[in-house]
Amino acid sequence: MSKHVSKYLTGLNPQQAEAVCCTEGPLLILAGAGSGKTRVITRRLAYILANGLAEPGQLLAVTFTNKAAEEMRERVAELIGKTRAANVVLSTFHAFCLRVLRSHIDQIGYRRNFTIASESDARLLLRRVTDDLRTHDAGYSPALFQAAISVQKNRMPEGETPKATPVRTATEEKYAASLVEVYERYQSALRAANSLDFDDLLLLTLRLWREHPKLLAAVRKQFRYVMVDEYQDTNRVQYELLRTLVAEHRNLCVVGDDDQSIYGWRGADTRNILDLERDFPEARVITLDQNYRSTSTILDAANHVIRNNQARREKKLWSEHESGRIIDWIVTRDEEAEAEEAVKWLRHIRGKSGAAFNDFALLYRSNIQSKPLEIAFRRAGIPYVVFGGQDFFERAEVKDIISYLKVIANPNDEAAFLRVINMPRRGIGDTTLHTVHDLCRNEHLSLGKGLAETLTRGLAPAGAEKGIREFLGIVQKFRQRAREHGSSLQKLALDLILAIDYRGELDRTCKHAEQAINRWQNVELVLNAIGDYEKASSQPSLLNFLDESHLNTDQDRASRDERRHSSVSLMTIHSAKGLEFPFVFIMGVEDGLLPHENSLKENALEEERRLFYVALTRAKRHITLFESLSRVRHGKEHSTKTSRFIREIPDPLLKQHLRAAREMVQEAVEQPKPAKKKVRVRKRL
C-alpha cells in the first residue's frame with residue numbers, strides 16, 4: 001500500500017480500517033453510538049478516490065439531514081481538497097430525488113415547475129377533500145388521514161392506492177373504505193396543483209426509474225459507489241430506491257445501528273438493517289463497537305438496557321475511557337419540583353466541574369415537558385435554547401410570504417392560492433370560493449384560471465370582484481418579474497410584501513404592537529434568507545429557493561452559533577439524535593412518558609427502549625435521571641410509576657436521591673393540596 005493511500009487509515013482502529021478498505025460489493029457497517037462512523041464514511045470516500053476506483057462525481061453518499069451532509073462534505077474536503085469534494089454528491093434522500101425529478105418529471109406527466117407541499121399545505125388539501133366527503137361526520141379528521149396516507153406511501157414501493165383490507169368491525173371497515181377514497185382524491189388534488197408532498201418525492205423517483213429504463217441506466221452508470229448513513233432510519237421506499245440503483249454493480253455501503261432506530265412512527269423500518277443479507281447474501285458485516293464518546297459507566301448502563309430488546313443485532317459498546325461517576329437518579333414530588341431540582345443540580349455540577357451552560361442538555365420524551373423547565377430556568381436567570389419547537393417555515397407570517405412566492409412560481413399550487421387569496425383581506429368569501437371550486441372541478445381548471453373565468457362569466461359577487469382583480473393583478477405582475485433574467489429575488493420579495501401592505505396587515509390584525517413587531521421580524525428573516533441564498537448560489541432561482549426552504553429541517557436551520565453561545569439545550573430525545581453533550585439530564589423517566597403510554601398500547605416497547613438508549617448515549621461525562629412522583633396529565637394530577645427502563649440498569653450504576661415520598665404524593669392526589677402549605681415528607685424505602 002502506498003504512503004499516499006495509507007494516510008487515510010491513520011488513527012483508525014482495526015474494524016474502522018477494515019471498513020474503509022472494503023470497497024467492492026455490499027457492506028453493512030454496524031456502527032454503535034459514538035463509534036466514529038462519520039470518520040469511517042469520509043475516509044472510505046477518500047480511499048476510493050485515492051485508489052482511482054472512481055471519479056468524485058461517481059460517488060453518492062446519502063444521509064437524513066442537510067446538516068449531516070454538510071458536515072460530511074467539510075470532512076471530505078479536508079481529505080481530498082474543496083474542488084474535488086464539491087463534485088461528490090452528498091445529499092439527503094429527498095434532495096437527491098428532487099434533483100432527479102426537476103430534470104425528468106415531465107416524462108411521467110408533471111410539469112417541471114412543480115412545488116413541494118409542506119405538511120400544512122397537504123393538510124389544507126386534505127381538509128377540502130374530507131369536507132367534500134363529509135368524513136368529519138364519522139369523526140375522521142384530516143390529520144388522521146394525513147398520517148395514514150404517509151404510512152401507506154412509505155410502505156408501498158409501487159405507490160398504489162391503499163386497498164380496503166379485511167377488518168373486524170363496521171367502524172374499521174368504514175374508515176378503511178374512507179381512506180381509499182380520500183387517498184385517491186388527495187392525490188388527484190396534488191396532481192391538479194402540480195404539487196408533490198414529501199413522500200411523493202421518493203415514490204415518483206422510483207416510478208420514473210421503473211417506467212424509463214434508460215434514465216435508470218444513466219443514473220446507475222453515473223454512481224459507481226453508493227453509501228448511506230443512518231441506514232436504520234430508512235423506510236421501505238428508500239430501501240427500494242437503493243436496491244434499484246445498485247442492482248447491477250451492487251457497490252452499496254450502509255452504515256447504521258439498529259439499536260438507534262427511533263423513527264418507526266414515521267415509517268422507518270428496522271427490517272432494512274436486520275434483513276439486508278436477504279437481498280444481498282454476499283454482504284460483509286463489520287461491527288464498530290468501540291465508543292469514543294462516553295464513560296464506561298454510561299456504556300455499561302446503556303448495554304444493560306438495550307440487551308432486553310429481542311429484535312436486534314448483537315453488539316456491546318466498550319470504551320477505553322475511565323469509568324466516571326455513576327448515574328444520579330433524582331426523585332421529586334411533582335414536575336415543578338423536578339424543574340427546580342434540575343436548576344439546582346446543574347448549578348452544583350457547574351460549581352464542581354467548571355462546565356459551561358452549553359455543556360448541558362435536558363432531554364424529554366414530549367415537547368409539553370419543556371414548559372416547567374423554561375419557567376424554572378427563566379426564574380433562575382439561566383440562558384437556554386429550546387430545539388424542536390415550531391418550525392420557522394411553519395409560522396403563519398412566514399407561510400404567508402412563502403405561499404405568495406409559491407403562487408408566483410407555480411400558478412396551479414392550490415394550497416398556496418387558498419392561503420393568500422384573502423391575505424390581506426379582499427372580501428373574497430367562502431361563497432365565492434365554493435363557486436370557483438365547483439367551476440375548477442367541473443371544467444378541470446387551475447384556481448387562477450377559475451378565478452379569471454369567474455370574472456368573465458360574471459359569477460363573482462360585486463364585493464368580491466374588486467378583490468379578485470386586485471389579487472390576479474398582483475400575481476401576474478410579479479410572475480412576469482420572476483421570469484426576468486438577472487432580477488433580484490430579494491428585491492422581488494420585498495416589493496411584493498410592500499405591494500400587499502403586509503406590515504399594515506400585521507398592525508391591523510395583531511392584538512399587541514409587540515406581537516406585530518415580532519412577526520414582522522420573522523418576515524425580515526425570510527428576506528435575509530433569500531438574500532443569503534442568492535449570494536451562495538451561482539444560478540439562483542425562485543423554485544430552487546422554495547425547494548431549499550422545504551427540504552431544510554428545523555434541526556438543519558438551528559444556527560451553529562446558537563449552540564456556541566453559553567446556553568443550556570432543551571430538546572426532545574428525538575431531536576437529540578446525532579448530538580452529544582458532556583452532561584445530560586433525562587427528564588420524566590416514568591412509565592407513561594418513557595416508555596410512552598401509547599407504546600404500551602401498541603406493543604412498541606422495543607422502540608421506546610431504543611429511545612432511552614439513544615438518550616443515555618448522548619452523554620460524554622455524566623447522566624442524571626429525573627423522576628416525578630406526580631404529574632399533571634389532561635388537566636389533572638396523577639401519581640406516576642418509575643420507568644421500567646430504570647429498573648433495567650444495575651443498582652451499582654445508580655445513586656438515588658429522594659426529594660419526596662410516593663405515599664405523600666398519593667395522599668396529595670386524593671385530597672386537595674392547601675395553597676402554599678409545606679408538607680413534611682418521609683423517605684421512600
Side-chain angles (χ1 to χ4, degrees), residues 33-34 38 64-68 70-71 230 260 262-263 293-295 298 302 324-325 327-328 330 335-336 338-392 394 552-589 593-594 611-628:
T38 304
F64 278 82
T65 67
N66 290 302
K67 180 182 176 183
E70 188 57 34
E71 180 185 353
E230 302 290 359
Q260 297 186 73
I262 59 174
Y263 295 111
R293 175 188 300 158
S294 308
T295 66
I298 293 170
R325 181 183 171 91
I327 295 171
D328 286 288
I330 297 179
E335 53 207 327
E336 291 180 1
E338 177 188 51
E340 292 169 1
E341 284 298 327
V343 168
K344 293 177 184 177
W345 194 247
L346 187 148
R347 284 174 166 165
H348 170 73
I349 293 176
R350 287 193 74 222
K352 293 287 186 180
S353 66
F357 284 124
N358 60 357
D359 287 333
F360 293 84
L362 276 68
L363 309 182
Y364 35 79
R365 178 63 177 84
S366 173
N367 275 313
I368 198 172
Q369 292 173 255
S370 73
K371 184 178 179 180
L373 296 172
E374 291 186 63
I375 292 172
F377 275 63
R378 232 179 345 249
R379 284 175 180 166
I382 295 177
Y384 66 90
V385 177
V386 180
F387 292 90
Q390 185 185 26
D391 190 323
F392 175 75
E394 287 296 319
N552 279 325
T553 65
D554 201 43
Q555 186 178 20
D556 288 325
R557 288 188 284 265
S559 168
R560 294 183 182 181
D561 289 334
E562 202 169 29
R563 283 281 316 276
R564 289 195 190 102
H565 292 323
S566 191
S567 300
V568 177
S569 295
L570 274 60
M571 64 182 73
T572 64
I573 303 172
H574 285 99
S575 297
K577 179 75 163 46
L579 303 178
E580 59 182 42
F581 303 87
F583 302 98
V584 168
F585 294 0
I586 306 177
M587 316 304 296
V589 190
L593 263 183
L594 190 61
L611 192 62
F612 185 55
Y613 173 83
V614 165
L616 292 172
T617 54
R618 296 313 91 198
K620 299 167 71 174
R621 294 176 58 182
H622 183 248
I623 291 171
T624 309
L625 307 177
F626 286 83
E627 174 191 356
S628 173

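Separation of atoms OG1 (Thr295) and CZ (Arg325) is listed at 11.5 Å; rounding is to 0.5 Å. In this structure, Leu611 CG and Tyr263 OH are separated by 9.0 Å, a value rounded to the nearest 0.5 Å. Here the CD1-OG distance, from Ile623 to Ser294, works out to 7.0 Å after rounding to the nearest 0.5 Å. Atom-to-atom distance recorded for Glu341:CD and His348:NE2 is 11.5 Å, nearest 0.5 angstrom. For the atom pair CZ of Phe360 and CG of Leu346, the computed distance is 4.0 Å after rounding to the nearest 0.5 Å. Summarising the geometry, atom CD belonging to Glu335 is positioned 10.0 Å from atom NZ belonging to Lys371; distances are rounded to the nearest 0.5 Å.
Shortest non-hydrogen contact noted between Ala342 and Leu362 is CB-CD2, 4.2 Å. Counting all heavy atoms, side chain and backbone alike, Glu338 lies closest to Glu627 at OE2-N, 4.3 Å. What you find for Val385 and Ser567 is that their closest heavy atoms are CG2-CB, 3.6 Å. Closest of all the heavy-atom pairs between Phe583 and Ala355 is CE1-CB, 3.6 Å. In this structure, Phe387 and Asn367 approach most closely via the heavy-atom pair O-OD1, 4.5 Å. In terms of heavy-atom proximity, Pro383 sits nearest to Ser566 at CG-O, 3.0 Å.
Side-chain atoms of Thr624 never come within 3.5 Å of backbone atoms of Phe585 as a donor-acceptor pair (strictly under, hydrogens ignored). Of the possible polar contacts, one joining the Arg293 side chain to the Thr617 backbone as a donor-acceptor pair under 3.5 Å is found. Of the possible donor and acceptor atoms, none in the side chain of Tyr384 sits under 3.5 Å from a partner among the backbone N and O of Arg378. The closest donor-acceptor contact from the side chain of Arg618 to the backbone of Leu579 lies under 3.5 Å. Distance alone, capped at 3.5 Å, places no donor-acceptor pair between the Glu580 side chain and the Lys620 backbone. For Tyr364 (side chain) and Met571 (main-chain N/O), a donor-acceptor pair under 3.5 Å exists by modelled atom type. One N or O on the side chain of Thr572 and one on the backbone of Ser575 form a donor-acceptor pair closer than 3.5 Å.
Residues Phe612 and Val589 form a side-chain contact, since some pair of their non-hydrogen atoms from C-beta on lies under 4.5 Å apart. Side-chain contact between Ile586 and Leu594: present, with at least one pair of heavy atoms (C-beta onward) separated by less than 4.5 Å. The closest side-chain heavy-atom distance from Leu593 to Gln369 is below 4.5 Å.
Around CD of Glu336, the count of heavy atoms belonging to other residues, nucleotides or ligands within 6.0 Å does not exceed 12. Applying the 6.0 Å contact sphere to CD1 of Ile368 captures no more than 12 heavy atoms from other residues, nucleotides or ligands.
Using a 30° and 60° split on the angle between ring planes, Trp345 and His622 fall in the tilted class, from 30° to 60°.
A cation-pi arrangement, defined by a distance under 6.0 Å to the six-membered ring centre and an angle within 45 degrees of its axis, is present between Arg350 and Phe357.
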